[in-house]
Every structure is written in C-alpha cells, then in structure tokens.
Amino acid sequence: MSDAPIVRPLPISGFPEWLPEVRVVEQRWLDTIRLIFERYGFCSVETPSVEALDVLMAKGETSQEVYALRRLQADADDDSARLGLHFDLTVPFARYVAAHFNELVFPFKRYQMQRVWRGERPQEGRFREFTQCDIDVINVDRVPLHFDAELPRIVHEVLTTLGVPPWTLNINNRKVLQGFYEGLGVADPLAVIRIADRMDKIGPGGVGELLATRAGLAPDQVRACLELAAIRASGAEVVEQVRELRVKSDLLDEGLDELAAVLADLADLPAGSVVADLSIARGLDYYTGTVYEAKFVDWPDFGSICSGGRYDNLAGSFIRRNLPGVGISIGLTRIFAKLLAEGLLSVGPASPADVLVVIPSAGRRPAALATAAELRGRGLRVETYHQPDKLAKQVRYAVRKGIGHVWFPPFDEDRDHEVKNLATGEQAIADPAGWSPPPRS
C-alpha cells in the first residue's frame, strides 16, 4: 500500500456521471433521438470540443460562460492559444458550415449530439457539462418558413416517443418583440429583449424595474412591454391580442405574420403542446425570427428543456455569404437528470450482455470460451465469467448485473449445453448454434 496521500474520489459539481444501469438508459435515449432525426433527413456532424475564442464570441454576450483553455505550464503572459470549450452547438455549427461551404449540399440539414460546457453555478437543471441534441437547417440566402414548424414537430415526436412528462413548447418571434419595442419608441430594442429574457427568473416585477432603471423606459413603455409579455395563445388569436395593444410597426407586422404561419402549420399537434408565448425572448443576440422554449407543465419553475430559433447571419460572421438558419436544441441532460431525480426513470441492467457463460472448471475454460465465441458470432452479447468459482457465485454475478440468462457449457465431453432464464427460473438444454434469448422489454 502506497503512503501517498489519498485524493477523495468525488465527482466535480455540475459534471454529472451515471452508474452503468443509468447510462444504458441514456444511451437508449440517444439512439431514439438519432433515429428520429435521421427519419427526417438530418445528417450527423461532430465539431471539436474546442473552438477559437473569437469564434465562440462571434455573436452574443457569452464571454462569462466560456471555459478558456490554457496549458498548466504556460507562461503568465502567454495568450497565444486563445481557445475555449464550446458553450453551445450552434456557433460551432455555423463555423463548420462556413469552413465547408463548397463541400455541402444546401439546404444543409444536420443533427449534432455532443457535450457542451458552460461556466455556470451548478443547481437543479443547470450543469457545467451536459449533452445537447441539436437539429438545424441552414441555406444560402433564404430558409423557407416551413422549417420553423418542422423543427418543433420533430421535437414533439422525440419527447413523445421518450415518454417525457407533460411539457409545452412556447413559440415567439423576435421580430414581434423588436418591432413592438420600436413602435413604442424604444431606442435600444435589443437591450430590452435581453432584459425581457429574464422574465422566468425575476418575474414581471423584476423585469419592469430593470426596464425602467437599466433601459430607461418610461412608465407607459414599461407597462406596454409587460402587457405584451403576458400574452399566451394557442393559435392565430395571438395576432388580435397584440393588435389590441395599439402599437404599430412594419417589423411587428412581419413578425406576427410569421408567428401565425408557424402556429397554423402545427395546429394538428395535440392541444396545449404548442403555444404562442410572447414572454419568450431568447437573450442571445444572434436570434432574429422564430424563437422556441419548451418547459415542463408540472415544474413551471424548472428551466427550459428545449430552446432555439432562427438566425439570419450567424454563419456570415465567418464567410461573406448570406447563410440564414433555424435550429432547436433538446437539453438531454437537463431532462434526463430531472426525471431521474423524480424517480420517473426505470433504470436498465448494469450490463449490456444477453448471456453470461459460466466457467465449470479450469480445464473446461477453453470450451466455455469457444461457446461464448459461437454465441457472439450469431450476434448475441456475451460475457464470460472471469474464473472457475462456485456456480452459485457465478449465477449471483449475473443476477447483480442484470444479465438475463446464464449459459452452462458441457461439464464433460458427453454432456449437453444448458441455459437458465433468470427471470423465470427455467433451465433447459440448448444448442449454441440456434438458441436466441427472448427480446428484452
């Protein structure tokens, strides 16, 4: 035993890690999401975890969230490697499209399922490292508006298939907000949008105070902004409710037309699953049109579980082409961790193996290995026990790992193979050349 000091093996706060029986469920979720994304023709890409800091900060006020990278032994004044971990997948995707512009077919529809990193204070629903599942459509000059409806439709299918508890996808349009604020005579609409984006954190009272003190809005302007943010509707009636506030601008009209068109395209989805919510702002500067945020119905104070929107010129930060896009992100880790904490996830087995092949004795080990190889050759997932322990101990090992079947190779040359179903207790003669386990539930 070494005399070196013991380092406590605690995970770092905000960096979740799962036991195998939980991780296997997360893997199934990822497989399901991947299948649905590909069903709609989205292709997979993966970008590096690290980007240049000027790329990460090309759009929006994000510098406080970025983890910058630096060599441990770097000189104090060495800033040559201006690198950081990506805080989302949208900005790296825009850089990717610009870098590979001449090799891609447009409109380019991609999905990306990777970990991202944000320098936030860990709390429920907020992590420093987490997995996002993004889909985006990017095109030269123009992205048809119907994609703004296709993306939430895909998210609806994903969350429904996964059995996620009741949720609502809230939709707004940044043109509605910016046009409304311009119609009120607000000098800096984007500053007001950033404040409005804090509605779910500080409430109408807190937003109203910031609009007055930080944005310098007059009392009637503050009142109108809060009235707009209070509007929620499931269909085209949202347009009439905004009109009743008697604010006019061309940009507002354009945004209302787009919002109504997206809602009409999604009208066939179950009632309440998609709602126009004019409090949704999305604080990142690169959003320019439709914006999305999905939230749990039963946990209204929990953060958004999906988010995204339309961006007109994010890729234009990297290439002199007009490359608008629209995208939406599923916060897989946030959803998964919440359901796990609430006891709403049934964990899987601690092993992916279908069968455990026992070792009858040291002398019969080669025969056991040959049996395992034959079963694997037929596509089964097979673990071979590591030593010739008592059979009861080997069976207990399979039970603890959730392996459904135990295979007993012949104990002597003239004996038969047998397999035991641990769920039913039944044991029977079996042929490794033809036996298959029943499908897992």
Side-chain angles (χ1 to χ4, degrees), residues 8-37 49 65 67 85-89 111-135 152 154-170 200-201 273 292-308 328-354 381 398-404 423 439-441:
R8 297 182 67 191
L10 297 176
I12 302 172
S13 177
F15 292 78
E17 59 184 17
W18 313 125
L19 290 172
E21 56 266 34
V22 176
R23 173 61 173 163
V24 71
V25 180
E26 185 185 43
Q27 288 289 93
R28 290 175 190 166
W29 277 37
L30 289 166
D31 290 342
T32 297
I33 296 169
R34 182 182 299 109
L35 178 65
I36 293 174
F37 286 171
S49 301
E65 294 184 347
Y67 279 110
L85 296 170
H86 55 224
F87 65 91
D88 77 352
L89 299 177
Y111 73 88
Q112 200 166 340
M113 296 163 40
Q114 288 183 239
R115 294 188 178 187
V116 299
W117 294 266
R118 290 186 187 173
E120 297 191 299
R121 181 173 65 86
Q123 53 187 299
E124 184 185 42
R126 292 192 176 275
F127 302 93
R128 293 170 175 170
E129 178 185 62
F130 52 97
T131 298
Q132 287 190 182
C133 302
D134 285 23
I135 42 174
I154 295 171
V155 166
H156 182 276
E157 183 173 338
V158 167
L159 298 184
T160 301
T161 303
L162 293 175
V164 173
W167 50 273
T168 298
L169 180 63
N170 303 296
D200 63 340
K201 300 180 180 68
S273 57
Y292 316 100
E293 280 194 5
K295 302 193 72 173
F296 286 123
V297 172
D298 295 334
W299 303 295
D301 295 330
F302 194 74
S304 62
I305 59 175
C306 301
S307 60
I328 193 166
S329 174
I330 299 173
L332 181 134
T333 302
R334 176 174 285 186
I335 299 171
F336 192 83
K338 179 62 174 175
L339 269 57
L340 187 65
E342 295 291 335
L344 298 176
L345 280 182
S346 298
V347 299
S351 170
D354 302 304
R381 296 168 296 187
V399 171
R400 291 187 63 196
K401 295 191 72 172
I403 302 174
R440 285 188 175 187
S441 59

Asks: For Ala337 and Phe127, work out which heavy atoms get closest and say how close.
Replies: CB-CZ, 3.6 Å

Asks: I want to check something: taking the side chain as every heavy atom from C-beta on, are Tyr111 and Ile135 in contact at a cut-off of under 4.5 Å?
Replies: yes

Asks: Using the ring of each side chain (for Trp, its six-membered ring), is Trp29 parallel, tilted or perpendicular to Phe336, with breaks at 30° and 60°?
Replies: perpendicular

Asks: Who passes side-chain hydrogen bond (donor to acceptor under 3.5 Å, both in side chains) against Arg34, sequence neighbours left out?
Replies: Asp31

Asks: Among Arg118, Arg115, Arg334, exactly one meets salt bridge (Lys or Arg N to Asp or Glu O under 4.0 Å) together with Glu129. Which residue is that?
Replies: Arg115

Asks: Indicate the atoms forming the closest heavy-atom contact of Thr32 with Thr161, along with that distance.
Replies: CG2-CG2, 3.7 Å

Asks: Got a sec, which residues hit side chain to side chain contact (heavy atoms under 4.5 Å, CB included) with Ile12, two or more places apart in sequence or on another chain?
Replies: Phe15, Arg128

Asks: Is the shortest heavy-atom distance from the side chain of Ile305 to the side chain of Lys338 under 4.5 Å?
Replies: no

Asks: Could you tell me which non-hydrogen atom of Pro20 sits nearest to which non-hydrogen atom of Ala350, and how far apart they are?
Replies: CB-O, 3.6 Å

Asks: Do Val297 and Pro165 have side-chain heavy atoms sitting under 4.5 Å apart?
Replies: no

Asks: Got Thr333 and Pro16 here, is their nearest side-chain heavy-atom distance under 4.5 Å?
Replies: yes

Asks: Is there side-chain contact between Tyr292 and Cys306, with heavy atoms separated by less than 4.5 Å?
Replies: no

Asks: Quick one: side-chain hydrogen bond (donor to acceptor under 3.5 Å, both in side chains) partners of Asn170, sequence neighbours excluded?
Replies: Arg232

Asks: Mind checking whether Trp167 and Lys295 have side chains closer than 4.5 Å, heavy atoms only?
Replies: no

Asks: So Leu89 and Ser329, do their side chains get closer than 4.5 Å, heavy atoms only?
Replies: no

